[in-house]
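Naming: A, B, ... by sequence-line order, numbering from 1 per chain. Since the model is a prediction, treat every value here as computed from it, not as a measurement.
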Number of protein chains: 2
Amino acid sequence: MDLRIHTRESVAQMLRGRGINPTHQRIEIGLALFENPRHSSADEILALVNARHTEASKATVYNTLKLFVEKGMVRELIVDPNKVFYDSNTSVHHHFYDVITGELTDIPAEGVHIDGLPSLPPGSITEGIDVIVRIRQGH
Amino acid sequence: MDLRIHTRESVAQMLRGRGINPTHQRIEIGLALFENPRHSSADEILALVNARHTEASKATVYNTLKLFVEKGMVRELIVDPNKVFYDSNTSVHHHFYDVITGELTDIPAEGVHIDGLPSLPPGSITEGIDVIVRIRQGH
DNA sequence: ATTCGGATTAGACAAAGTCAAAATTATAAA
DNA sequence: TTTATAATTTTGACTTTGTCTAATCCGAAT
Ligand SMILES: [Mn+2]
Ligand SMILES: [Mn+2]
Ligand SMILES: [Zn+2]
Ligand SMILES: [Zn+2]
């Protein structure tokens, strides 16, 4: 079901579909996020986007990532104290997090059940549930 | 079971029990963490410790919190992109996180069951499992 | 008193991210 | 086409959180 998004035109359509004006910079940033999906930091995206020619400034990368998060195109992962990771996989899923290397690995949500959570504080609604399995190598 | 730690002497004993030399600064920082437990940032601890008289420098607060984490006296919570929170409750438990206010609320681990997690990547061991229920106020 | 290791400190520094104002680009009117 | 207007991007200064190093301080133990 997960059609590849790896051309500038498919990214542009995705943007239009979310009501985002598909500018050159936004398309390049979207492409960096979706052409080979992974968990990348803003700085990595910045470097990736500007690898060949300079395409977008730091401010634009940060602004655009924030916009993409707002519009539900990517998901923020708060797991490393030093930087935010952006997950181009927006389907519900969880993560292994190697606390030494910083590597993130997806855990599909299918099959994962969480039981016995208490009811929410009154008046509040759930934004989402993050499960992070912190792992490390060795004994 | 949860004996209050709220005197300088009880903090000193806790430090000795963990093989930490109980210096004046460490005792003050420990007291700030344990006398009324909550989820506080390094900056809040720094302010709290130096509220009456100046007791410890920024470097010492950061060094000491890191030491306390190493020795298992407090737990780091990575949940806010801007700062680390230190949890003086080291028993296994989870958290509600209000994404608007930044407020953290404990979820006792009793009764919470997590099912169907895949097996770990080969060669790795679990450091811990964090469940963060992101909430917000209103519809 | 001197020594020595551990602990603390000041302050410079680094990394991640934000912000405001200027400059650029796109869109629409005239 | 010119002109006006709105949207977007850029620059570079700035903030926040945290780290690092070298100097100092402290507390035993000689
Ligand atoms: Mn940081
Ligand atoms: Mn930050
Ligand atoms: Zn993921
Ligand atoms: Zn807690």
Side-chain angles (χ1 to χ4, degrees), chain A residues 8 11-12 15-16 18-33 39-50 53-71 73-87 99 102 104, chain B residues 8 11-12 15-16 18-33 39-50 53-71 73-87 99 102 104:
Chain A
R8 286 180 174 71
V11 171
L15 293 172
R16 283 185 212 102
R18 306 249 177 190
I20 301 173
N21 188 4
T23 65
H24 178 67
Q25 287 86 343
R26 286 168 181 168
I27 289 170
E28 292 300 322
I29 293 166
L31 203 55
L33 282 165
H39 308 98
S40 9
S41 66
D43 227 51
E44 285 167 4
I45 297 288
L46 178 63
L48 202 51
V49 158
N50 294 322
H53 315 289
T54 154
E55 309 271 14
S57 70
K58 183 172 70 149
T60 297
V61 169
Y62 277 97
N63 289 342
T64 301
L65 287 172
K66 188 174 289 185
L67 177 68
F68 285 3
V69 169
E70 268 172 36
K71 301 294 188 181
M73 272 180 55
V74 297
R75 175 177 162 196
E76 264 182 323
L77 293 180
I78 313 297
V79 77
D80 180 311
N82 298 311
K83 52 190 149 201
V84 172
F85 285 106
Y86 293 89
D87 195 337
V99 296
L104 278 165
Chain B
R8 287 178 174 73
V11 171
L15 293 172
R16 283 186 213 104
R18 306 250 177 189
I20 301 172
N21 188 3
T23 65
H24 178 68
Q25 287 86 341
R26 287 169 180 168
I27 289 171
E28 293 299 320
I29 293 166
L31 203 54
L33 283 165
H39 308 97
S40 8
S41 67
D43 227 51
E44 284 166 5
I45 296 289
L46 178 63
L48 201 49
V49 158
N50 294 322
H53 315 290
T54 155
E55 308 272 14
S57 70
K58 182 172 70 148
T60 297
V61 168
Y62 276 96
N63 289 343
T64 301
L65 287 172
K66 188 174 288 185
L67 177 67
F68 285 3
V69 169
E70 269 173 35
K71 300 296 187 179
M73 273 181 53
V74 296
R75 177 178 161 194
E76 263 182 324
L77 293 181
I78 313 298
V79 76
D80 180 311
N82 298 311
K83 52 189 147 203
V84 173
F85 285 106
Y86 293 90
D87 195 335
V99 297
L104 279 165

Measure the [atom1]-[atom2] distance between [X] and [Y] for me, rounded to the nearest 0.5 Å.
X        : Y        : atom1 : atom2 : value
Asp87(A) : Glu76(A) : CG    : CD    : 11.0 Å
Thr23(A) : Arg26(A) : OG1   : CZ    : 4.5 Å
Leu46(A) : Glu44(A) : CG    : CD    : 10.5 Å

Minimum heavy-atom distance between Val61(A) and Ala56(A), given as atom pair plus value: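 That would be CG2-CB, 4.3 Å.
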Given atom [atom1] of [X] and atom [atom2] of [N], what is their separation to the nearest angstrom?
X        : N       : atom1 : atom2 : answer
Leu46(A) : dT9(D)  : CG    : P     : 14 Å
Asn50(B) : dT8(C)  : CG    : C1'   : 13 Å
Asp43(B) : dT15(D) : CG    : P     : 15 Å
Leu65(B) : dT8(C)  : CG    : C1'   : 15 Å
Leu77(B) : dT17(D) : CG    : P     : 16 Å
Asp80(B) : dA16(C) : CG    : P     : 17 Å
Asn63(A) : dA7(D)  : CG    : C1'   : 13 Å
Lys58(B) : dG11(C) : NZ    : P     : 11 Å

Please list, in numerical order, the residues of residues 22-31 of chain B that have a heavy atom closer than 4.0 Å to any atom of DNA chain C.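 DNA chain C contact set from residues 22-31 of chain B: Thr23(B), Gln25(B), Arg26(B).
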Donor-acceptor pair, Asn50(B) side chain versus Glu55(B) backbone, under 3.5 Å?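 Yes, Asn50(B) side chain to Glu55(B) backbone: donor-acceptor pair under 3.5 Å.
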Any donor-acceptor pair under 3.5 Å linking the side chain of Arg8(B) with the backbone of Ile27(B)?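 No, Arg8(B) side chain to Ile27(B) backbone: no donor-acceptor pair under 3.5 Å.
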Can you tell if the side chain of [X] reaches within under 4.5 Å of the side chain of [Y], non-hydrogen atoms only?
X        : Y        : result
Val84(B) : Ile78(B) : yes
Ile45(A) : Tyr86(A) : no
Lys83(A) : Asp43(A) : no
Leu33(A) : Leu65(A) : yes

Please tell me if [X] has a side-chain N or O lying less than 4.0 Å from either OP1 or OP2 of [N].
X        : N       : value
Asn21(A) : dT8(D)  : yes
Ser57(B) : dT9(C)  : yes
Lys66(B) : dG18(D) : no
Tyr62(A) : dT18(C) : no

The side chain of Thr60(B) is closest to which nucleotide in this list: dA10(C), dT8(C), dG18(D)?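 Selected nucleotide (nearest to the side chain): dT8(C).
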Using the closest heavy atom to pick a nucleotide of DNA chain C for each, name whichever of Ala59(A) or Val61(B) lands nearer the 5' end.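 By nearest-heavy-atom nucleotide position, the 5'-most residue is Val61(B).
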Identify each atom pair where a protein N or O and an N or O of nucleotides 23-30 of chain D are less than 3.5 Å apart, giving names and distance.
none

Under the 3.5 Å rule, do the base of dG18(D) and the side chain of Lys83(B) count as making a donor-acceptor pair?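 Absent.
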